[in-house]
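All chains are named by letter (A, B, ...) in the order of the sequence lines, taking the proteins before the strands, and each is independently numbered beginning at 1.
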Number of protein chains: 2
Amino acid sequence: MRPISHPDTAQITLADVLYALGDPVRLKIVKTIAQKGEQACRSCGGEDIAKSTLSHHFKILREAGIVHTEKVGTQHLNSLRTDELEAKFPGVLAAVLAAANDIEVCDS
Amino acid sequence: MRPISHPDTAQITLADVLYALGDPVRLKIVKTIAQKGEQACRSCGGEDIAKSTLSHHFKILREAGIVHTEKVGTQHLNSLRTDELEAKFPGVLAAVLAAANDIEVCDS
DNA sequence: AGTATAGTTCCATAAAGTCGAACTATTAAA
DNA sequence: TTTAATAGTTCGACTTTATGGAACTATACT
């Protein structure tokens, strides 16, 4: 099995990060992880979304450098790369999360 | 001629704003307007981009509530809706602009 | 082994982006 | 007041990206 690849901090771009955050489903996922900590995929995104689509959303978040995915058993645990993002783009993620009031968190 | 329509503050969503900012060309445009003030369209975006595409990018920015477009003669002057965005999503635009170091500004 | 769970990959369809060409609107010049 | 020039939009074709169902892979449990 192919190991999960994540971009190096140097490869993370602002446009990619903002693009990844610019989707209601992904915003909800990110907010959920921020609030509830490391989070399994399935629980996020709501019921009315195909798991192949959800897989795609996590891929976008991963490749943008926003989440780190770790495989544990059958599940993938996702965590925010908060410190790295804060170092590279100070205040961006924090401001976005603070502004995400309307976005509901997954009930897990 | 149809007047240019802009979304009301209440209609602006975080996902739309982030999506609009999540493109290198649009990020460059926004940074340029932020630095140089009200700005005509043509000068932004570089030479290697079709004007129909540029028109599309400004439409995205306008519909997301990021820029206000005003027609003056043959040109369209664009300004950032800084105050409204700051009121609705405090710190977001400021953090993004501050983080946009790698993005070069249009030479006008 | 057999079954269940968690995700990914593949394929087909739907939605967005990109660009050239034609069109509209405004200004300036002849 | 036609004619030309400039600034942008709109249209149509093509390309790219998103979405979801079905089949597949990997791990765990019995």
What is the distance, rounded to the nearest whole Å, between atom CD1 of Ile4(B) and atom P of dT24(C)? 18 Å
Which heavy-atom pair separates Ala34(A) from Leu80(A) by the least distance, and what is that distance? CB-CD1, 3.6 Å
Can you see which heavy atom on Lys88(B) is nearest to which on Gln11(B), and at what distance? NZ-N, 4.3 Å
Between atom CG in Leu54(A) and atom P in dT9(C), what is the gap in whole Å? 14 Å
Measure the distance from NZ on Lys51(B) to C1' on dG17(C) and round it to the nearest whole Å. 19 Å
For atom CG of Leu77(B) and atom C1' of dT6(D), their distance in whole Å: 14 Å
Could you label the plane-to-plane angle of the Tyr19(B) and Tyr19(A) rings as parallel, tilted or perpendicular, counting under 30° as parallel and over 60° as perpendicular? tilted
Using rotation axes that map the C1' atoms of four end pairs onto the next four (five pairs an end), what angle separates the end axes of the helix from dA1(C)-dT30(D) to dA30(C)-dT1(D), to 10°? 10°
Could you write out each protein N or O paired with an N or O of nucleotides 14-18 of chain D at a distance under 3.5 Å?
{"residue": "dA18(D)", "atom": "OP1", "partner": "Tyr19(A)", "partner atom": "OH", "Å": "2.5"}
{"residue": "dA18(D)", "atom": "OP2", "partner": "His56(A)", "partner atom": "NE2", "Å": "3.4"}

Expressed as a whole number of angstroms, how long is the span from Lys59(B):NZ to dT9(D):P? 10 Å
Interatomic distance where CD1 belongs to Ile49(B) and C1' belongs to dC19(C) [whole Å]: 10 Å
Assess whether one donor atom and one acceptor atom, taken from the side chain of Ser55(A) and the base of dG7(C), lie less than 3.5 Å apart. no
When you compare the side chains of Thr9(B) and Glu84(B), does any donor N or O come within less than 3.5 Å of an acceptor on the partner? yes
Arg62(A): salt bridge (Lys or Arg N to Asp or Glu O under 4.0 Å) partners, not counting sequence neighbours: none
Compare every heavy atom of Ala64(B) with every heavy atom of Asp16(B), then report the nearest pair and how far apart it is. O-CB, 3.6 Å
Looking only at side chains, do His57(A) and Arg26(A) share a donor and an acceptor under 3.5 Å apart? yes
Backbone N or O of Ala100(A) within a donor-acceptor pair of the Lys31(A) side chain at under 3.5 Å? yes
What nucleotide, of dA7(D), dA26(D), dG20(C), holds the atom closest to the side chain of Ser52(B)? dG20(C)
So, OP1 or OP2 of dT8(C): does either fall under 4.0 Å of a side-chain N or O from Arg62(A)? yes
Is the side chain of His6(B) donor-acceptor paired with the backbone N or O of Thr69(B) at a distance under 3.5 Å, no angle test? yes
Mind calculating the distance between CD (Gln75(A)) and C1' (dA4(C)) to the nearest angstrom? 13 Å
Whole angstrom value for the distance that separates C1' of dG17(C) from CG of Asp48(B): 16 Å
